[in-house]
Amino acid sequence: MNLFRRVPDAAKQKEIISMNGVCHSWIAGNAIAFLPEPVGKYWAEYRELLENAANFSDIFWLGENSSPQYLEKYPDWRDYVFLPEDGEMKMGHYMLQPARTCQQLTAAAGYLISRVLSEMRSGRHERAVKFTGILSHMIGECGQAAHVADPKMLSALFQQEGQSSLFHSPMENNSLVSYPEHSYSAQCLGDDESETVWRFVQKLAVLKSHSTKTIVPIMNAILKNDFAEAAVYASRTVGECTDIMADLLYTLYALFEGKKKGPDSVSLLELEPEDYLCDGMFNFLPQRSVMPGKKWDEPIPLDAGDGARPGIALLPEMFPGHAFPRFAFVRYRIPSGVFRRFDFGCGLNRLADRNETSGIFEIRLDGKSVWQSPPLSVNSGNVYASIQPGRAEHLELYVRDSRTETATTKFFYPCFFDMTLHRSNNDLPRPKIL
Ligand SMILES: [Zn+2]
């Protein structure tokens with residue numbers, strides 16, 4: 001987390017690390033309490049090492065100039081803090097940061113998870129624990145508001161005329177942050193390495209999005225010098241990080257034991273989209289399970305005819321003549337070959353103010369359309385269907401105005417409902433199928 005610290009010597013470095021290093025240790029150590037037996041017993045044996053390894057990326061940030069005490073204690077430190085990129089091993093702290101793309105985080109997590117498993121399988125458990133510590137550090141970085149924030153945007157938003165102070169440090173180093181005692185039950189992230197990496201990076205994306213929402217409240221509190229209030233938000237995120245760490249520890253052990261315990265199904269609502277397009281009247285974002293209503297602070301649920309359902313509302317471009325066709329989409333990364341079936345519903349939200357045209361809904365896999373609805377009007381109801389994702393890596397929900405001439409604005413509110421990936425293709429009870 002040393003982004004803005006110019007540390008002149010190792011002694012000072014040690015003193016500074018203890019400030020937020022404690023959060024990294026909490027995440028790694030406290031996650032063990034959320035594990036079932038015998039998984040909890042396995043990790044508990046290495047708890048102290050895991051807590052220390054969660055700080056390796058900061059402790060050894062200065063390479064050979066790191067604190068001699070640590071260099072001596074962990075002579076194999078290079079094995080863990082160096083990560084591969086572009087065919088060479090480099091000091092990898094920057095590769096763990098939330099600013100990295102999904103593909104870059106996938107590469108770093110993929111490397112680390114595969115190292116953990118190969119060390120476990122060779123019986124080198126302490127080495128496995130040290131690699132796991134680097135993954136814990138990655139979680140902590142993605143939950144740190146100061147790291148999630150774009151520093152240029154922070155100054156644009158918060159730095160007043162005549163003022164000059166560094167925002168990163170007070171956001172990151174708040175001694176009032178504490179571990180939030182809570183309960184959680186660890187979930188398995190996947191049946192194999194690649195599914196686990198995919199779901200882990202998805203969890204980091206959701207964490208980043210939650211952490212992003214704490215930036216403004218934390219900054220507002222800091223500007224009032226109210227560090228206790230700022231700490232409330234940061235502490236909550238530490239709790240969320242710990243839950244993800246518990247999922248990871250649980251999954252690593254399940255993979256080591258060769259047990260398949262990944263979830264039978266995953267709702268797209270649990271995932272962060274990799275890309276989307278929506279009209280500005282929806283804040284340019286796909287809306288989850290509610291959409292803007294007539295009053296600005298009273299969102300309305302999504303209902304295409306069989307009651308309010310969980311789903312996603314998309315709003316195609318509203319400007320007349322702006323684009324043809326008028327369309328909107330949301331796209332997700334999915335693991336290739338893991339899920340056998342994707343179920344969904346689609347239709348127009350009849351709770352919306354008006355629906356003046358019909359929509360054509362599509363499912364696209366790796367950019368290719370594999371399912372298309374006829375034009376659905378507000379009277380068509382919620383239409384359910386299933387497709388097989390096969391080996392696709394990108395799943396896109398797409399909708400467009402059914403008219404061929406879209407020069408006049410007509411309002412309509414298309415939604416996808418109950419979008420669920422299933423591991424098996426066994427028949428599940430499904431409502432009406434198109
Ligand atoms: Zn760090």
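Counting starts at 1 for both ligands and their atoms, in listed order. In this text, all values refer to a predicted model and were calculated from it rather than measured experimentally.
- The six-membered or imidazole ring of Tyr233 lies away from that of His210, with a centre-to-centre distance of 6.0 Å or more.
- Taking the centre of each ring, Phe56 and His24 stay at or above the 6.0 Å mark.
- The closest approach of Asp58 to the Zn ion (ligand 1), by N/O/S atoms, is made by OD1.
- Rounding to 10 degrees gives 90° for the angle at the Zn ion (ligand 1) between OE2 of Glu141 and NE2 of His137.
- Here His93 reaches the Zn ion (ligand 1): one of its N/O/S atoms is less than 2.8 Å from the metal.
- A cation-pi contact, defined as under 6.0 Å to the ring centre and within 45° of the axis, is absent between Arg309 and Phe417.
- Put simply, the side chain of Ser265 never gets that close to the backbone of His422: no donor and acceptor are under 3.5 Å apart.
- Residue side and main chain included, His147 places no N/O/S atom under 2.8 Å of the Zn ion (ligand 1).
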